[in-house]
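Each chain gets a letter, A, B and so on, in the order its sequence line appears, and its residues count up from 1. Please read all numbers here as calculations on a predicted model, not as lab measurements.
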There are 2 protein chains.
Amino acid sequence: MPRTHRKTTSSLIGEKLADFRVGVDNAIFSVDTAQNRLLVLLVMRHEEPFLGQWSLPGTLVRQGESLEDAAYRILSEKIRARNLYLEQLYTFGGPDRDPREAKDSYDVRYLSVSYFALVRFAEAELIADGVSGIAWYPVDQLPELAFDHNKILEYGHRRLRNKLEYSPVAFDVLPELFTLSDLFQLYTTVLGENFSDYSNFRSRLLKLGFLSDTGVKVSRGAGRPASLYRFDAEAFAPLKDKPLVFI
Amino acid sequence: MPRTHRKTTSSLIGEKLADFRVGVDNAIFSVDTAQNRLLVLLVMRHEEPFLGQWSLPGTLVRQGESLEDAAYRILSEKIRARNLYLEQLYTFGGPDRDPREAKDSYDVRYLSVSYFALVRFAEAELIADGVSGIAWYPVDQLPELAFDHNKILEYGHRRLRNKLEYSPVAFDVLPELFTLSDLFQLYTTVLGENFSDYSNFRSRLLKLGFLSDTGVKVSRGAGRPASLYRFDAEAFAPLKDKPLVFI
DNA sequence: CCAAAAGTGTTTGCTCTACACCCATGT
DNA sequence: ACATGGGTGTAGAGCAAACACTTTTGG
């Protein structure tokens, strides 16, 4: 494998290696169940390029820091969230995705490893550091973002929908105890109004057998009180690798 | 977003940025239908570290070259394949994944953006460049690979199985005209013996409506001759974004 | 009592599974 | 003729969509 990991600068024709800056950008989603909105966390840029424009929270990777560590670091610098789900999304690294590449005489490439996160909205307290603008934006009302961040978000949004359908991410982001309506509403705000009928959703989920009824009832205004359920990780374990459908 | 894309070296405490070499490594799969084996392309290393060990074909990214371009370049340096499917797999970038990081005084990080590829076996002619060892290995008889390449391959293998179930990659890798047995066999070698009954597989696929019978029959030894089918891209188009199950 | 929310049940049609069986060819 | 692989059909189980209905609360 002669061409892999050759020492930095090669003198062979046409083989000049690119010099990279590696950053991590996060697509952080959250569901505001009170207002039925799917939100994404944006921060205002205070530097060139794209000064004054909204962008995804990101950072450059430090020495000794893994990519995932970097992703968690940005997240914890922006919000205080304890319950969350995070995974790598995609790596965007084409040339010309950052305007600085053109200007820099040194021909530097900016590579972005993006991460996808879903956090519990109620607990996610934004950290205002005085200077930076930081805000939750509804995904259907996004402004034009810096770099290729609109593209990253679109990609992240697709991933979110898939995750919800095929894996139990929802429970990472719901409170410990929740009603089936809470769960249904979460799915509805992410997947759209008519993804399923409530009663069918309900029986499908219950049949899977990893939601345990605590027996405790809660009343939310008018209407019959709802049972509080808990996600039973043990009961779910055997299903972990099977293709699940929560439709 | 003050911490994103800050100019190279920062002097703030604990914020020393990592210096990156970005490589692309390919997990290239192929199905040998004659012998019913799932193969992966490995190359022998002729440099330290891991000299004399097998590894995934990889390269460092050049100036002006996109990640995907780099992936295609390695591929075309190793095999002459015209029909293939390729997509990004995952980015491995933790510290300590490359032993050179420890030795280099300069604290360089080696980041690997891995790509997943599926190529048509019959056409994939290996390019022996005299020096390098290069070979197809059955995925169930892998040697110990350099770096974290075993992990990458495992990840790629999982992706392959998913791709086959939910997307029409198989048709990128089958000949223009194929029998339903060819298709079934491809699925069997990748997903395992008992993923489905032939007759059910058959009717499910045909009902989807994007396989058109050419009427031409081929005889392979004994037994009734089989119809040659063609993948009808137009008929498939409307199904593109729907969740398909080829199980 | 009525509206609202939670929870149950039923009907209809379809898909999945598992086989059994027929068809066309080489030897 | 018979083994071999290709292709068709079917009965039963289970699931999903749609919707009607009951239960329990607040006002």
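With rounding to the nearest 0.5 Å, the separation of CZ in B:F195 from CG in B:L164 is 8.0 Å. Once rounded to the nearest 0.5 Å, the distance linking CG of A:L89 with CG of A:L56 reads 9.5 Å. To the nearest 0.5 Å, atom CD1 of residue B:I28 and atom CG of residue B:L41 are 5.0 Å apart.
Across its full length, the helix from C:dC1-D:dG27 to C:dT27-D:dA1 shows an angle of 10° between the axes of its 5 terminal pairs at either end, rounded to 10 degrees.
Using the six-membered ring where Trp is involved, B:F29 and B:F116 have ring planes that are tilted, between 30° and 60° apart. Between B:Y90 and B:Y155, the angle of the ring planes lies from 30° to 60°, which puts this pair in the tilted group.
Protein chain A contacts DNA chain C from C:dA4 to C:dG9, reading 5' to 3' and using non-hydrogen atoms of the protein with a distance under 4.0 Å.
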Test side chain to side chain contact (heavy atoms under 4.5 Å, CB included) applied to B:L142 and B:L42, step by step: CA-CA 9 Å; B:L142 289 180; B:L42 298 182; 4.3 Å; yes

query: How far apart are the C-alpha atoms of B:F171 and B:F178, what are their side-chain angles, what is the distance that settles it, and do they pass the ring-ring contact (aromatic ring centres under 6.0 Å, His included) test?
result: CA-CA 9 Å; B:F171 308 105; B:F178 53 88; 5.7 Å; yes

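Across all strands shown, A:S181 has heavy atoms under 4.0 Å from sugar-phosphate atoms exclusively, and none from any base.
Contact record, B:E144 with B:Q53: O-NE2, 3.3 Å, taken as the closest heavy-atom pair. When all heavy atoms of A:T179 and A:A226 are compared, the closest pair comes out as CG2-CB, 3.7 Å.
Within the structure, every pair that satisfies the salt bridge (charged side-chain N to carboxylate O under 4.0 Å, His left out) test and touches residues 210-226 of chain B, not counting sequence neighbours, is listed here: B:D182-B:R220. Residue pairs meeting the side-chain hydrogen bond (donor to acceptor under 3.5 Å, both in side chains) criterion with at least one member in residues 185-195 of chain A, sequence neighbours excluded: A:N36-A:Q185.
Between B:L183 atom CG and D:dG6 atom C1' the separation is 14 Å, expressed in whole Å. Look at CZ on A:R204: it is 11 Å from P on D:dA18, rounded to the nearest Å.
Residues B:S112 and B:D25 have side chains that bring a donor and an acceptor to within less than 3.5 angstrom of each other.
Within a heavy-atom distance below 4.0 Å of DNA chain C, the residues of residues 211-229 of chain B found are B:S219, B:G221, B:A222, B:G223, B:R224, B:P225. Near DNA chain C, defined here as any heavy-atom distance below 4.0 Å, the residues from residues 189-203 of chain B are B:D197, B:S199, B:N200, listed numerically.
For the salt bridge (charged side-chain N to carboxylate O under 4.0 Å, His left out) with B:E176, the lone residue among B:R82, B:R120, B:R230 that qualifies is B:R230.
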